[in-house]
Amino acid sequence: MADRPAPEPGGGGAVGDVPAGRRSRRGAPGGADSAGSGADRPPRGRAERRRSARKAARRRRRSLLREFPLIIVVALLVALVLKTFLIQVFVIPSGSMEQTIQVGDRVLVDKLTPWFGSEPQRGDVVVFKDPGGWLESDHKPSDDGPVLGAAKDVLTFVGLLPSDSEQDLIKRVIGVGGDTVECCDAQGRLSVNGTPVDESSYLAPGNPPSQRPFKVKVPQGRLWVMGDHRDVSADSRFHMGNPGQGTIPLSGVVGRAFAIAWPLDRFHQLDAPGSLSSLARAPREDGTAPESVAVGPVPMEPPLVMGVLGILPIAVRRPGRPPK
């Protein structure tokens, strides 16, 4: 067999063969193009990486400073909505509800369910506006300067500070519209519609149900309220000469206190005692049985309140920014 002729130098070889010079310039590893590309992008050193990290941190700080006023405004709006429609925190200044609620306790007051027609029931602890003449109106003048005073006014308005001017009281509901509340029977007990009430679960130790005898029929749309520390509580008993015979209007109720939030070692829910909440409604004047009504807190209330609180952070998040 004849010898295959060798390809001429620089001539065309077999299919797919690339001249050596061309391979080194274009595609071969370690060729001139690869060396040139590596020279254009030298590896980043540690110093350069630190500089890039510092620049990124400065950009994040500047972004936070720009967004901070917006965060403050949104927080104040959320606090205002919470105070107005959902929950408000009240500081207890007196001992009229001891031992259930002590001086300095912070209580959470539900302001949401009254918007849906819920009314206070027997045994509920409620916060209400002074119906007139229940509180002294002498307030000490503030010694805060104009700047500090204005800041306190803003925080008080949105509910982040307690108000010094609002005339609010806190008591327990003993009788609702139509009830006859009387004290005391031969055994020294308070009675509602002729049924004696066991008050040992909430009365302050050593306190009788009342040192002052009384009997009142609660008008419709009003409440008879008393403090748990009966010996020091200037409650409905002390205002029977006022319109309504010492009762308060439902329209003056701010909300129901449902929990003690502070101090943490006293954190617990404020439930209506069964001795009051289980009492039957008073019969009507025509002798017919009263309509059945729900007694006690609405079961869906805590999930509803917590659900609204959980949705707020999502609602105020800016669109287009993924959560971190």
Side-chain angles (χ1 to χ4, degrees), residues 96-97 99-101 109-110 113-114 116-128 169-205 207-230 233 235-240 244-253 255-259 268-302:
S96 67
M97 284 297 295
Q99 298 294 323
T100 304
I101 305 174
V109 174
D110 163 33
T113 52
F116 298 94
S118 175
E119 294 183 357
Q121 302 296 323
R122 298 189 205 95
D124 288 345
V125 177
V126 296
V127 172
F128 57 95
L169 300 100
I170 184 167
K171 306 291 180 189
R172 188 181 298 275
V173 177
I174 303 298
V176 296
D179 286 344
T180 298
V181 185
E182 184 177 3
C183 194
C184 299
D185 63 9
Q187 287 74 39
R189 298 171 299 181
L190 177 143
S191 65
V192 177
N193 301 325
T195 302
V197 178
D198 179 10
E199 299 188 282
S200 59
S201 63
Y202 55 85
L203 275 188
N207 277 211
S210 180
Q211 298 277 12
R212 167 181 304 204
F214 65 90
K215 182 177 181 179
V216 63
K217 183 175 178 63
V218 183
Q220 294 294 335
R222 301 183 75 89
L223 303 171
W224 177 270
V225 295
M226 301 175 73
D228 289 354
H229 196 173
R230 299 285 165 80
S233 177
D235 46 40
S236 290
R237 297 169 294 167
F238 293 83
H239 304 280
M240 295 186 67
Q245 292 184 281
T247 60
I248 65 168
L250 286 173
S251 59
V253 175
R256 182 180 65 87
F258 66 92
H268 65 276
Q269 188 170 342
L270 295 172
D271 296 319
S275 58
L276 282 170
S277 62
S278 61
L279 292 175
R281 294 295 296 267
R284 294 175 176 172
E285 293 182 358
D286 57 6
T288 59
E291 297 179 358
S292 60
V293 295
V295 176
V298 181
M300 68 175 293
E301 175 195 332

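Scope of the values below: all heavy atoms of this structure, side chains included, with no hydrogens, waters or symmetry mates.
For Ser210, the side-chain hydrogen bond (donor to acceptor under 3.5 Å, both in side chains) partners at least two apart in sequence or on another chain are Arg237. Here His239 pairs with Trp134 under the ring-ring contact (aromatic ring centres under 6.0 Å, His included) rule; sequence neighbours left out. Remark: Glu182 engages no residue in a salt bridge (charged side-chain N to carboxylate O under 4.0 Å, His left out) (not counting sequence neighbours). Looking at residues two or more places apart in sequence or on another chain, you find a side chain to side chain contact (heavy atoms under 4.5 Å, CB included) between Pro196 and Asp185, Arg189. Shown here are the salt bridge (charged side-chain N to carboxylate O under 4.0 Å, His left out) partners of Asp198, two or more places apart in sequence or in another chain: there are none. Residues forming a side chain to side chain contact (heavy atoms under 4.5 Å, CB included) with Leu270 (at least two apart in sequence, or on another chain): Thr100, Ile101, Ala257, Ile260, His268. Under the side chain to side chain contact (heavy atoms under 4.5 Å, CB included) criterion, Thr247 pairs with Val218, Pro219, Arg222, Trp224, sequence neighbours left out.
Rounding to the nearest 0.5 Å gives a distance of 8.5 Å between CE of Met226 and OH of Tyr202. With rounding to the nearest 0.5 Å, the separation of CD in Gln121 from OG in Ser277 is 9.5 Å. Atom CZ of Phe258 is separated from atom CG of Asp271 by 11.5 Å, given to the nearest 0.5 angstrom. For the atom pair CG of Asp235 and NE2 of His229, the computed distance is 12.0 Å after rounding to the nearest 0.5 Å. If you take CG on Leu203 and CZ on Arg172, they are separated by 8.5 Å, rounding to the nearest 0.5 Å. Taking CD1 from Ile174 and CG from Asp124, the interatomic distance works out to 10.5 Å, rounded to the nearest 0.5 Å.
When each of Ser201, Ser200, Ser278 is tested with Pro273 by the rule side chain to side chain contact (heavy atoms under 4.5 Å, CB included), just one qualifies, namely Ser201.
Contact check for Lys171 versus Ser96: side-chain heavy atoms found under the 4.5 Å cut-off. Side-chain contact between Ser233 and Asp228: absent, with no pair of heavy atoms (C-beta onward) separated by less than 4.5 Å. Within the 4.5 Å cutoff, the side chain of Gln99 has heavy atoms near those of the Pro205 side chain. The side-chain heavy atoms of Leu169 and Val127, taken from C-beta on, include no pair separated by under 4.5 Å. Using a 4.5 Å heavy-atom cutoff, the side chains of Thr113 and Arg256 are not in contact. Residues Leu279 and Asn193 have side chains not in contact (no heavy-atom distance under 4.5 Å, counting atoms from C-beta outward).
Put simply, the side chain of Ser236 gets close to the backbone of Gly246: a donor and an acceptor are under 3.5 Å apart. Between the side chain of Asp179 and the backbone N or O of Val192 there is no donor-acceptor pair closer than 3.5 Å. Under the 3.5 Å distance criterion, the side-chain polar atoms of Arg230 are matched with a main-chain donor or acceptor of Pro209.
Residues Thr180 and Lys215 have side chains that never bring a donor and an acceptor to within less than 3.5 angstrom of each other.
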